[in-house]
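Below is one structure; the comments refer to it alone.
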2 protein chains.
Amino acid sequence: MRRDSKLSGVLHVLLHMAEIEGPVTSEFLAGVMQTNPVVVRRIMAGLRDRGYVRSEKGHGGGWQIACDFETVTLRDIYEALGAPELFAMGNRSEAPGCLVEQAVNAAMNQTFREAEALLLAQLGRITLAALSADFHARLAARGGDFNPGTAHAV
Amino acid sequence: MRRDSKLSGVLHVLLHMAEIEGPVTSEFLAGVMQTNPVVVRRIMAGLRDRGYVRSEKGHGGGWQIACDFETVTLRDIYEALGAPELFAMGNRSEAPGCLVEQAVNAAMNQTFREAEALLLAQLGRITLAALSADFHARLAARGGDFNPGTAHAV
DNA sequence: TTTCATGAAACATGTAAAGTTACATGAGAA
DNA sequence: TTCTCATGTAACTTTACATGTTTCATGAAA
């Protein structure tokens, strides 16, 4: 299975949007992410439904951030995406009649539930502002300037 | 991506083998798992390489357990399978030039690394004996008898 | 009324797990 | 020896699903 990169992708988009004044088109964001505008609209739909971003049609339209980076966490974004499956491993069958399989499932499920709880707690501790601050620290460390429109040309 | 169920499957096989005297064929195990004998050989190959099971060709051949259930843990089995990917989510690109993406990756990687450590530690705490004991507890609770050959007929 | 943008459905593609086929190898039985 | 049974393994097929693409409807500004 290919690994789901929607969370990674949408965070990338959000941090770029934060560097840009005014609305940004799906077309532009698709260029930044090296993908298709429809893919951008798809992953942004969930965020729009939750009010984290706003979209406008027509001339001068596009996407804009509509939330406070200080309070929205990666967990919020993850859930806005529909809380996609976190683990690549699962049980062969979910409601087996075989007692052996029930025992196996019980052990695996508990283990993965605990890992999921940790994962979500950790994501809940990282705000978009913290991510953005990390980006700016990296930018300062490199001593460079950031042009959001050309940063991906390389 | 379909979810990887090799670990779940191989544990199922091992616990069944523990209930049976003498060697068991891939054919039989495939019946238990409702899959193909070649799939069984495939997932068992890693365990054989580590000496957790033994296989014999020819008449009266098949698979036998060759390890101590008290000491082998689910983590050992997981690693014998080649330590397959645990998470369904990943970064869009692993070595991005974009500083935004580097910041995103750094946050995600740390979070997932911690979850992976927890997951492996938990798997390392569960022995095959513990799993088997849980199965027997379930069997006793149901008050039934276990016939490993027909348990999956239902 | 033209152009630019999103919204959404339908379809195509790429990838990896699982399933299948085919055949080589080796071990015991006849 | 020769037959049968079993694993070992490579190659191929199937299936599921994330992602990519096409297409057209809708609505807003020029």
Side-chain angles (χ1 to χ4, degrees), chain A residues 1-10 12-13 17 20 22-49 53-66 78 81-94, chain B residues 1-10 12-13 17 20 22-49 53-64 66 78 81-93:
Chain A
M1 135 198 342
R2 187 187 292 173
R3 295 172 77 194
D4 181 339
S5 62
K6 283 197 287 292
L7 181 55
S8 168
V10 79
H12 191 181
V13 163
M17 285 172 66
I20 300 174
V24 198
T25 66
S26 307
E27 180 93 30
F28 174 84
L29 292 172
V32 165
M33 284 185 58
Q34 306 186 86
T35 181
N36 194 290
V38 178
V39 174
V40 173
R41 293 189 195 117
R42 200 138 63 189
I43 62 177
M44 297 291 273
L47 306 213
R48 183 190 55 226
D49 293 346
V53 296
R54 216 170 346 108
S55 64
E56 303 279 358
K57 290 180 175 179
H59 272 281
W63 299 90
Q64 269 183 296
I65 288 173
Y78 163 76
L81 292 173
E85 180 57 50
L86 290 170
F87 300 105
M89 306 187 52
N91 298 134
R92 279 181 347 103
S93 61
E94 283 313 325
Chain B
M1 151 204 335
R2 188 186 290 176
R3 296 172 77 195
D4 181 338
S5 63
K6 285 198 286 291
L7 181 55
S8 167
V10 79
H12 191 181
V13 163
M17 286 171 65
I20 301 173
V24 197
T25 66
S26 307
E27 181 92 31
F28 174 84
L29 293 172
V32 165
M33 284 185 58
Q34 305 187 85
T35 181
N36 195 289
V38 177
V39 174
V40 172
R41 293 189 194 117
R42 199 139 65 189
I43 62 176
M44 296 292 273
L47 306 212
R48 183 189 56 225
D49 294 346
V53 295
R54 219 168 345 107
S55 64
E56 303 281 357
K57 291 180 176 178
H59 271 280
W63 298 89
Q64 270 182 293
Y78 163 76
L81 291 173
E85 179 57 48
L86 290 170
F87 299 106
M89 306 187 52
N91 297 133
R92 278 181 348 105
S93 62

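Lettering follows sequence order; numbering is per chain, from 1.
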Rounded interatomic separation in angstrom, taking CG from B/Leu81 and C1' from C/dA17: 13 Å
Atom pair CD/CD of B/Gln64 and B/Glu56 - distance to nearest 0.5 Å: 7.5 Å
For the student: nearest non-hydrogen atoms of B/Leu81 and B/Lys6, plus distance: CD1-C, 3.9 Å
Pair B/Trp63-B/Ser26, side-chain donor/acceptor within less than 3.5 Å: yes
Heavy-atom donor-acceptor pair, B/Thr25 side chain to B/Phe28 backbone, under 3.5 Å: yes
Helix axis bend for the helix from C/dT1-D/dA30 to C/dA30-D/dT1 - C1'-based end axes, five pairs, 10° rounding: 10°
Whether A/Arg3 side chain and B/Ala88 backbone form a donor-acceptor pair below 3.5 Å: no
Atom pair distance, as rounded to whole Å: CG in B/Asn36 and C1' in D/dT15: 15 Å
Rounded distance (Å) that lies between atom P of C/dA18 and atom CE of B/Met33: 9 Å
side-chain contact (heavy atoms from CB on, under 4.5 Å) between B/Arg41 and B/Arg48, worked out: CA-CA 10 Å; B/Arg41 293 189 194 117; B/Arg48 183 189 56 225; over 6 Å; no
Interatomic distance, B/Lys6 NZ vs C/dG19 P [rounded to whole Å]: 11 Å
If you restrict it to nitrogen or oxygen atoms, what contacts under 3.5 Å exist between nucleotides 3-7 of chain C and the protein, and what is each distance?
{"from": "C/dT3", "atom 1": "O2", "to": "A/His59", "atom 2": "NE2", "distance (Å)": "3.1"}
{"from": "C/dC4", "atom 1": "O4'", "to": "A/His59", "atom 2": "NE2", "distance (Å)": "3.3"}
{"from": "C/dA5", "atom 1": "O4'", "to": "A/Gly58", "atom 2": "O", "distance (Å)": "3.3"}
{"from": "C/dT6", "atom 1": "OP1", "to": "A/Ser26", "atom 2": "N", "distance (Å)": "2.7"}
{"from": "C/dT6", "atom 1": "OP1", "to": "A/Ser26", "atom 2": "OG", "distance (Å)": "2.9"}
{"from": "C/dT6", "atom 1": "OP1", "to": "A/Trp63", "atom 2": "NE1", "distance (Å)": "3.3"}
{"from": "C/dT6", "atom 1": "OP2", "to": "A/Ser26", "atom 2": "OG", "distance (Å)": "3.3"}
{"from": "C/dT6", "atom 1": "OP2", "to": "A/Arg41", "atom 2": "NH2", "distance (Å)": "3.1"}
{"from": "C/dT6", "atom 1": "O3'", "to": "A/Ser55", "atom 2": "OG", "distance (Å)": "3.3"}
{"from": "C/dG7", "atom 1": "OP1", "to": "A/Arg48", "atom 2": "NH1", "distance (Å)": "2.5"}
{"from": "C/dG7", "atom 1": "OP1", "to": "A/Ser55", "atom 2": "OG", "distance (Å)": "2.8"}
{"from": "C/dG7", "atom 1": "OP2", "to": "A/Arg48", "atom 2": "NH1", "distance (Å)": "2.6"}

Sidechain-backbone polar pair: A/Arg92 side chain, B/Met33 backbone, donor-acceptor under 3.5 Å: yes
B/Val53 side chain near B/Met44 side chain, heavy-atom distance below 4.5 Å: yes
Distance in angstrom units between A/Met89 CE and C/dA17 P, rounded: 11 Å
Quiz item: B/Arg42 side-chain donor-acceptor pair to D/dG8 base, under 3.5 Å: no
Protein-nucleotide distance (B/Gln64, atom CD; D/dT7, atom P), rounded to Å: 12 Å
Spacing of B/Ile43 atom CD1 relative to C/dT20 atom P, expressed in whole Å: 14 Å
Distance, rounded to the nearest Å, where A/Phe87 contributes CZ and D/dA18 contributes P: 16 Å
Enclosure of B/Glu27 CD (heavy-atom neighbours >12, cutoff 6.0 Å): no
